[in-house]
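It should be emphasised that the depicted structure is a prediction, and the values quoted were computed from it without experimental measurement. Worth knowing before you read on, the calculation uses all heavy atoms, side chains too, and leaves out hydrogens, waters and symmetry mates.
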Amino acid sequence: MIRFFNTGLDYQRLAGERRPLGDVDHPGLTDLSFTIESGGFRWLTGASGAGKTTLLKLMYLALPPTSGRIELLDSDPSRLDRAGRALLRRRIGVVYQDFRLLDHLNTFDNVALPLRLARRKESQIHADVTELLRWVGLADRLTHRPEELSGGEQQRVAICRAVVGRPSLLLADEPTGNLDDEQAVRLLHLFMSLNQLGTTVIIASHNLSLIERYRAPVLELQHGRLVYHG
Amino acid sequence: MGGSCIMADRPSGRARPDPIGLRAASHDRLLIAVVAAMSFLAALAMAGNLATTSLADHWLGGARNMLTIEVPDPTAAVQASSSVTRIDAVLAALRQRPTLSAVRALSPAELGRLLKPWLGDASSSGGTGIALPGVIIAQGDARASAVAGLSTGLNQIAPGTLIETGGGLAARLTTLTESLQASAAAILLIVAAVAASVVGVSVRAGLAQRREAVDIIHGLGARDSDIASPFAREIARQAGLGGLLGGLAALPVLLWLGRLAAGFALVPHAADRGVAGMLMDVPVLLWAGPVVLMLVAALIGWGVARTTVLGWLRHLA
């Protein structure tokens, strides 16, 4: 369950608290209240600069709200200590718009990172990571570094890293932006499969044809405000 | 250790992953060099402290309990009717005192050698024409109260007898030793503070270089200790290497200084013992110095790095 209670984020206020965690000129978010049930699927839409990425940052705990409060996976992050928030982050998979792969690690090690943080056995990590990378067509790219991969391949690696730990919540920021239609559909099926297994999935996207094809409730933002949920 | 989770054991034949990229970055040679220089200075300060303590013990041990008794007109009879000389009477009285030991009169030859710097060769041959006192040396209680009582007793036997003690010299030596030890401790503290500052700057620079990697790992659910521990281990390794190099570089200098100091320490035939003999004279603690410095530098590096990283991570949500 994800619940927002009159939640807002003011970048200037964060900067005033000497926590410059974003662009102070961004309008931020204002008075968001909504609930997403456990195992739900949502499209997150809105024009560029509407606050989609900021909303996702609140959900993956990269930013704290400056007003209101949040409940994530039945926890109130503001009541958790730093170690508790770290453990909560491990239950959240994120596909970043800019991939955010570690340049000095190869494909395998990038994808394996969440499992190593969770202290999984190396033999299990090897099996899971290899299988997932094979499934997304990167079996022959295990030892390649990000700079040796195309944009689409990097995005698939980023998606694999987000889903390899079977997160309770999967957040994706324009995950299909660098993929061709076939790969986009394939990955949407992966997200759907995870959703059917109980993972709550929220995908920020501009791709209206994809949203039309895979109908699901939509959260629409305009200028940092929630203008539609349904 | 929290950091072990992102440095987990891997199937054999594959290198362990380094998510923050600490190994991928080149060694921070400046950090190693500065820590080596600080360790060099620390080794000199430690050795100075050690040598001061050792020399002071050596000198004070003799001076603190040494009594020198001068008996004027030593060969004169104690009384007109007696054949006992004044110096023999004083010797006998001193030997009866249970608090004194090693009581003996200096021979004319010893006295001559002692006075040679002032009186020349004539002092040895007895041709000075000066009436020299008899000199007795003894080990014992050299406190003022004990000496006053002893002086009264001896003057009744041989009027004009003087007692000199090493107490004054010992007090001055003690003050000198304590001030030298305080200086050495101050140098060590300053060196440690400089080393800690350099480590702090190096860690902050490392964090700035690897900010994106740290952000990503933090976002994936790494605990603060998962990030701080690899940093602390790497900095400890570099600081330890610097400490070892600095300690090893200081050894030849310390051996040379030790050779110079051997004369002051009254090591017998110090100059003739050669390198092997000199090496055998080196205290064990000095040989252990590079290892001790390595461990201390590594510990300082580990602690400062961990604290710095944990503090820096507070900026992240």
Side-chain angles (χ1 to χ4, degrees), chain A residues 14 17-22 57-58 60-65 77-78 81-94 96 98-106 108-126 142-143 145 158 161-162 164-165 167 171, chain B residues 1-28 204 206-234 306-317:
Chain A
L14 277 185
E17 292 170 2
R18 297 187 180 181
R19 302 182 73 183
L21 295 167
K57 282 182 176 177
L58 285 178
Y60 61 74
L61 308 177
L63 293 174
S78 67
D81 60 12
R82 291 184 65 81
R85 286 202 294 277
L87 292 176
L88 185 56
R89 280 189 191 98
R90 290 183 193 176
R91 298 174 61 199
I92 303 170
V94 186
Y96 301 96
D98 55 356
F99 319 142
R100 306 199 77 188
L101 299 177
L102 292 169
D103 291 339
H104 55 277
L105 295 185
N106 64 28
F108 180 94
D109 287 331
N110 263 294
V111 176
L113 204 45
L115 301 182
R116 293 203 169 108
L117 285 168
R119 295 179 168 80
R120 298 275 178 83
K121 284 183 181 173
E122 202 63 27
S123 54
Q124 189 190 342
I125 290 172
H126 191 263
L142 293 184
T143 57
R145 295 193 176 205
R161 185 181 64 187
V164 71
L171 306 170
Chain B
M1 185 75 74
S4 60
C5 63
I6 48 178
M7 297 276 189
D9 289 338
R10 315 196 69 208
S12 59
R14 296 189 66 190
R16 299 170 89 200
D18 171 27
I20 302 173
L22 296 171
R23 284 201 302 269
S26 61
H27 292 304
D28 192 342
R204 274 188 283 276
L207 280 166
Q209 268 181 356
R210 299 167 185 85
R211 163 145 204 166
E212 192 178 357
V214 171
D215 267 349
I216 292 170
I217 293 162
H218 175 77
L220 288 172
R223 290 175 306 180
D224 290 353
S225 60
D226 293 334
I227 297 167
S229 293
F231 264 101
R233 275 197 299 271
E234 180 60 21
R306 194 173 165 82
T307 308
T308 305
V309 175
L310 289 176
W312 187 87
L313 287 172
R314 299 271 158 194
H315 291 106
L316 300 181

B/Ile217 versus A/Leu117, closest heavy-atom pair with distance:
O-CD1, 4.1 Å
Looking at A/Ala86 and B/Ala222, what are the two nearest heavy atoms and their distance?
CB-O, 3.7 Å
Okay, A/Leu88 and chain B: the region with an atom under 4.5 Å from a heavy atom over there is neither
As an exercise, state the distance from CD of B/Glu212 to CZ of A/Arg100, rounded to the nearest 0.5 Å.
5.5 Å
Test A/Arg90 against B/Asp226 for salt bridge (charged side-chain N to carboxylate O under 4.0 Å, His left out), laying out the working first.
CA-CA 13 Å; A/Arg90 290 183 193 176; B/Asp226 293 334; 3.3 Å; yes
Atom CG of A/Leu87 and atom CZ of B/Arg223: how far apart are they, to the nearest 0.5 Å?
6.5 Å
Rounded to the nearest 0.5 Å, what separates atom CG in B/Leu220 from atom CD1 in A/Ile92?
11.0 Å
If you count heavy-atom pairs within less than 4.5 Å of chain B, which of A/Leu61, A/Leu102, A/Asn110 leads?
A/Leu102
Rounded to the nearest 0.5 angstrom, the CZ-CG distance for A/Arg85 and B/Leu316 is 10.5 Å
For A/Arg91, is it the side chain, the backbone, both, or neither that has a heavy atom closer than 4.5 Å to a heavy atom of chain B?
neither
